[in-house]
Student: 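Quick one: the structure is below, and I'll ask about it shortly.
Each ligand, and each atom within it, is numbered from 1 in the order the structure gives.
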Amino acid sequence: MKNETYHDYVIKDGEFIGEFEKMYQRFDDPWMQSSQPNKYARMAGIVHLKNFPIRSVLECGCGLGYYANWIHQDTGIIPQSVDLSETAIDKARALFPHLNFDVADITSDLSSYRGTDCVLLSEIIWYILPDLDFILQTLGNEFAGRYLLVNQVFYKGTQQYGTDYFTTPAEFIDYVPFQLVGYCEATTERDTTVESSIIFRIEQKRS
Ligand SMILES: C[S@@+](CC[C@H](N)C(=O)[O-])C[C@H]1O[C@@H](n2cnc3c(N)ncnc32)[C@H](O)[C@@H]1O
């Protein structure tokens, strides 16, 4: 197809496509992962990892592995990083052979990683919305007492997909049934998005 972009394989005209494997076969650096945009949230995520008693991380939807490497450099932790695209995982292993990557679908495979101190969802929430309640339920059952760290960009009034779930970090925090223990929101005047890094302890929310 002429003039197609990686977005055509992900969410197109407000509709979820989810062809991640095909996308990674056709595009080398989707979401400009190699330059790690949304640096405020990425740095805040690392501060959260250091602020809480976290020694192991399950990174869900790691893509090409750049954030895993950043986390490793800043904390010494080698995350267990997973993505459902085999091509992404092959590339991540080649780029960062000292790190730990696996092919896994977090909508079905989360329980196999129980025992990890922190489950990290970095820029993946929009792609798991239909399974989000099940994922949160699995976290509540299998990861009680551990941490859920979510790095997520929200749109300043231009979100098309998932608007019936949440459109802001505050609405996302309300949605999640766990105890909020830290969060950071950042943007600049010229950005069309708000970056967030939000950490929950996996226990029932106190009112
Ligand atoms: C926007 S990229 C984020 C990459 C990286 N986490 C980052 O912050 O740069 C979203 C990634 O989630 C992966 N993904 C989507 N659904 C998934 C699922 N159910 N299980 C595992 N990975 C998934 C995609 O293949 C893609 O690599």
Side-chain angles (χ1 to χ4, degrees), residues 5-12 15-46 48-49 57-75 77-96 99-113 116 118-139 148-155 159 161-162 165 184 186 193-199:
T5 74
Y6 71 88
H7 296 290
D8 296 323
Y9 292 79
V10 182
I11 292 174
K12 194 176 180 186
E15 193 195 326
F16 182 62
I17 312 290
E19 298 266 19
F20 294 103
E21 175 55 19
K22 272 194 197 153
M23 178 202 70
Y24 277 110
Q25 287 173 8
R26 281 173 208 185
F27 296 89
D28 283 338
D29 193 16
W31 296 282
M32 297 183 297
Q33 291 177 49
S34 62
S35 54
Q36 291 284 272
N38 314 315
K39 286 191 168 52
Y40 287 118
R42 292 186 194 277
M43 292 174 86
I46 287 168
H48 285 319
L49 292 175
V57 173
L58 171 67
E59 185 198 12
C60 303
C62 63
L64 300 172
Y66 288 93
Y67 193 38
N69 192 46
W70 188 349
I71 290 172
H72 175 55
Q73 284 173 345
D74 276 24
T75 67
I77 294 170
I78 295 187
Q80 171 60 67
S81 300
V82 303
D83 199 285
L84 50 68
S85 162
E86 278 187 38
T87 300
I89 292 299
D90 286 348
K91 288 183 177 177
R93 285 181 177 141
L95 282 163
F96 307 109
L99 301 183
N100 207 344
F101 298 100
D102 266 345
V103 175
D105 181 342
I106 64 141
T107 63
S108 51
D109 303 340
L110 206 49
S111 309
S112 3
Y113 298 96
T116 312
C118 177
V119 175
L120 165 63
L121 307 179
S122 175
E123 305 305 335
I124 183 179
I125 288 292
W126 305 126
Y127 318 132
I128 54 172
L129 281 184
D131 298 291
L132 186 56
D133 290 347
F134 176 71
I135 289 172
L136 292 171
Q137 212 180 343
T138 307
L139 289 172
L148 168 65
L149 172 58
V150 179
N151 281 7
Q152 190 59 53
V153 158
F154 289 84
Y155 303 89
Q159 182 180 329
Y161 177 73
Y165 284 81
C184 172
T193 55
V194 175
E195 299 173 38
S196 68
S197 180
I198 306 168
I199 186 161

Student: How far is atom 20 (N) of ligand 1 from the closest protein heavy atom, and which atom is that?
Tutor: I106 N, 3.0 Å

Student: Please state which part of D83 comes within less than 4.0 Å of ligand 1, counting heavy atoms only: side chain, backbone, both or neither.
Tutor: both

Student: Under the 3.5 angstrom rule, does the side chain of S196 hit a backbone N or O of Q152 as a donor-acceptor pair?
Tutor: yes

Student: Among Y161, Y165, F154, which one satisfies ring-ring contact (aromatic ring centres under 6.0 Å, His included) with W126?
Tutor: F154

Student: Give me the nearest non-hydrogen protein atom to atom 18 (C) of ligand 1 as residue plus atom name, then the distance to 0.1 Å.
Tutor: L84 CD2, 3.3 Å

Student: Which residue owns the protein heavy atom closest to atom 14 (N) of ligand 1, what's the atom, and how far is it?
Tutor: I124 CD1, 3.8 Å

Student: So between S34, G61, G45, whose heavy atom ends up nearest atom 12 (O) of ligand 1?
Tutor: G61

Student: Should the pair F96 and Y66 be assigned to parallel (<30°), tilted (30 to 60°) or perpendicular (>60°) ring geometry?
Tutor: perpendicular

Student: Given E59, Q152, R42, E123, identify the one with the heavy atom nearest to atom 9 (O) of ligand 1.
Tutor: R42

Student: Using a 4.0 Å cutoff against the non-hydrogen atoms of T107, which atoms of ligand 1 qualify?
Tutor: 19 (N)

Student: When only distance counts, is V82 in polar contact with ligand 1, meaning an N/O pair under 3.5 Å?
Tutor: no

Student: Out of the candidates E21, K22, R26, only one should pair with Y9 under the side-chain hydrogen bond (donor to acceptor under 3.5 Å, both in side chains) rule; please name it.
Tutor: R26

Student: Is Y67 touching ligand 1 with its side chain, its backbone, both, or neither, if touching means heavy atoms under 4.0 Å apart?
Tutor: neither

Student: Tell me the contacting part of C62 for ligand 1: side chain, backbone, both, or neither, using a 4.0 Å heavy-atom threshold, strictly below.
Tutor: backbone

Student: For a quick test of reading the model, state the closest non-hydrogen atom pair linking M43 to W70 and the distance between them.
Tutor: CG-CZ2, 3.5 Å

Student: When you measure from the side chain of Y67 to the backbone N and O of R42, does any donor-acceptor pair fall under 3.5 Å?
Tutor: yes

Student: Heavy-atom pairs closer than 4.0 Å: do any link ligand 1 to the side chain of Y66, the backbone, both, or neither?
Tutor: neither

Student: D105 to ligand 1: N or O pair under 3.5 Å?
Tutor: yes

Student: Heavy atoms only: which of G63, P37, S122 lies closest to atom 3 (C) of ligand 1?
Tutor: S122

Student: When you measure from the side chain of Q33 to the backbone of G65, do you find a donor-acceptor pair of N or O atoms at a distance under 3.5 Å?
Tutor: no

Student: Using distance only, find each side-chain donor-acceptor pair of residues 100-108 under 3.5 Å and give its atom names and separation, not counting sequence neighbours.
Tutor:
residue: D105; atom: OD1; partner: T107; partner atom: N; Å: 2.9
residue: D105; atom: OD1; partner: T107; partner atom: OG1; Å: 2.7
residue: D105; atom: OD2; partner: T107; partner atom: OG1; Å: 3.3
residue: S108; atom: OG; partner: D105; partner atom: O; Å: 3.4

Student: Heavy-atom count around Q36 CD within 6.0 Å, excluding the residue itself: above 12?
Tutor: yes

Student: For atom 24 (C) of ligand 1, tell me which residue out of Y6, W126, Y9, F20 has the closest non-hydrogen atom.
Tutor: F20

Student: Is it the side chain, the backbone, both or neither of A104 that has a heavy atom closer than 4.0 Å to ligand 1?
Tutor: backbone

Student: Does a sphere of radius 6.0 Å around CZ in F16 hold more than 12 heavy atoms from other residues, nucleotides or ligands, not counting ones at 6.0 Å or beyond?
Tutor: yes

Student: Purely on distance, is any nitrogen or oxygen of Y24 under 3.5 Å from one on ligand 1?
Tutor: yes

